[in-house]
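A short worksheet on the structure shown next.
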Amino acid sequence: MKVYQTKEIRNITVIGNSGAGKTTLVESMLFEGGVISRRGDVKSKTTASDYNLVEQEYGNSVHATVLYTEFEGCKINIIDTPGMDDFVGGVIPALSVAATGLLVFNAVNGVEVGTEIANRNAEKFNKPLMFVVNHLDHENSNWENTIDMAKTTFGNKLAIVQYPLNPGLAYNKVIDVLKMKMLQWGPAGGAPEILDIPAAELEHAEEVHNQLLEMAAENDEELMELFFEQGNLNEDEMRKGLKLGMLSRSLFPVFCVCAARDMGVRRLMEFICNVAPNPGELAPVETIDGKFIKMDINGPTSIFVFQTSIEQHVGEVTYFKVISGILKEGMDLINTTKNSKERISQIYCVAGKTRM
Ligand SMILES: Nc1nc2c(ncn2[C@@H]2O[C@H](COP(=O)(O)OP(=O)(O)OP(=O)(O)O)[C@@H](O)[C@H]2O)c(=O)[nH]1
Ligand SMILES: [Mg+2]
C-alpha cells in the first residue's frame, strides 16, 4: 500500500438508523476503491463489514467494524457502526476517533429515531457531518419528505449538493449543484456519465446552486467579499466554504446514493477526499489529565486505543488511532490507564476480517 501523509488521510464513521444502508454503502466504497473485487451484500452474508457470525445471523451490524478504502490519492479509514439501539455502544468510540460522520438516511422513512440518536452523539463530540440519503431506488422512497423531515430536525443547516431526478424503481440520475452537472448511471452503477443539466431542470438547479453558494460563502469573510464582488464563487472556493461550514457544524452537505446499486458512491468519496477535513486540520486532542496533544507527525508517539476485541484464530486485537508521532512494531509505550509498559507487536491495516 502507498504510504499516506496526514493530509491524504480521512477518518470517517458511518452512522444512522438500523437498515439505512450503512454496511451496504461501505461495501460499495471498498469496491470502488479496489479493496474488494466483488460487492457482497447483507442478505447473502458476504459484506466485508458484517463478518461476525452473530451479525450474519441477525442480518444487522452488531460491532463497530474498522475498514479502509483508497480513492484519488487518499486513504479513507472507515468505521461502520451498528444502528440498532442495543448495540449503540459501538458508535461512541467510533465518533471519538473519526474526523467526519456520514449520517445515512433511508429515503423511505426520512428521519428515524436512530438518525436523531446518531446526530446527538455526533453533536457531543462536535463532529462535522455529511448527510447521505440512501434507498433512492425504492418504490416508496420520498426525497421531499426526507428533506422536509431533516429540515425540521436540523434547521437551516442542510446544504443540498445533489438532488435526485427520478427517485423510485428507475432511479439513476441526480443533479449535482456543486459541479452543475447531471450524473447518470447505467444498471451496474460505478462511474457515472457526466452530462449537461437538461434545459427544463436548469432553473431549479440554479436556485439550489445559489442556496449552496450562499451557505458556502457565509463561513468566511474573504469568501463573502469575493461573492459580493463577483456575484459567484468557483467550485474550489465553494469547497473551501463548505469545509469551514462543516468544521463549525454550521452546515451539513447532502448527497444522494443508492448503495445497493453502487450509484453516487464515487462522487461521495470524491467529496470526502476534496472537502472533508484531514486529521491535521482538527483541534488538539485532550487527554484525561487535561493535556492537549496536537496531531503532528513530529510529536512524541501517542496513540488512542478505541476498541479491543477477540478475533477468531487471532486472539486479542487492539484498534487504535495514532494521535502524534510515528508508531513502529516493537516499540514500548506507556499505557496511561494502567500506568504500565506495553509492547506494540504486529501492526495491520484492516478491512473487516481482512488484515494486511
Ligand atoms: N433497494 C435498496 N436496498 C438497500 C440499499 N441500501 C441497503 N439496502 C438493503 O437494506 C438492508 C439494510 O442494509 P444495511 O446495509 O445492512 O443497513 P445498516 O444501516 O448497515 O443496518 P444496521 O447494521 O442494522 O445498522 C439490506 O438488505 C440491504 O441490502 C439501497 O440503496 N437500495
Ligand atoms: Mg450495518
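Order of appearance sets the numbers: ligands from 1, and atoms from 1 within every ligand. Here the structure is a predicted model, which is why all the values come from computation and not from measurement.
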Problem - Environment of the Mg ion (ligand 2) in terms of protein N/O/S atoms, cut-off under 2.8 Å - result: T23 OG1, S61 OG
Using a 4.0 Å heavy-atom cut-off, say whether [X] meets ligand 1 through its side chain, its backbone, both or neither.
| X | value |
| --- | --- |
| N17 | backbone |
| T24 | both |
| T23 | both |

Completion exercise
Closest heavy-atom approach to atom 21 (O) of ligand 1 among G16, G19, A259 is made by G19
Exercise for the section: Would you mind finding which of H135, R261, M263, E139 brings a heavy atom closest to atom 3 (N) of ligand 1? Expected result: H135
Problem - 4.0 Å heavy-atom contact, D41 with ligand 1 - result: no
Handout entry: ligand 1 contact by L136, heavy-atom criterion under 4.0 angstrom
Key = no
Practice task
Examine Y4 together with Y68 and report whether their ring centres are nearer than 6.0 Å.
Solution key: no
Fill in the blank from the handout: Quick note on ligand 1: atoms under 4.0 Å from a heavy atom of P82 include exactly 25 (O)
Practice task
Could you list which atoms of ligand 1 come closer than 4.0 Å to a heavy atom of G83?
Solution key: 22 (P), 25 (O)
Handout entry: Protein heavy atom at shortest distance from atom 18 (P) of ligand 1
Key = K22 N, 3.5 Å
Problem - Non-hydrogen protein atom less than 4.0 angstrom from atom 11 (C) of ligand 1 - result: no
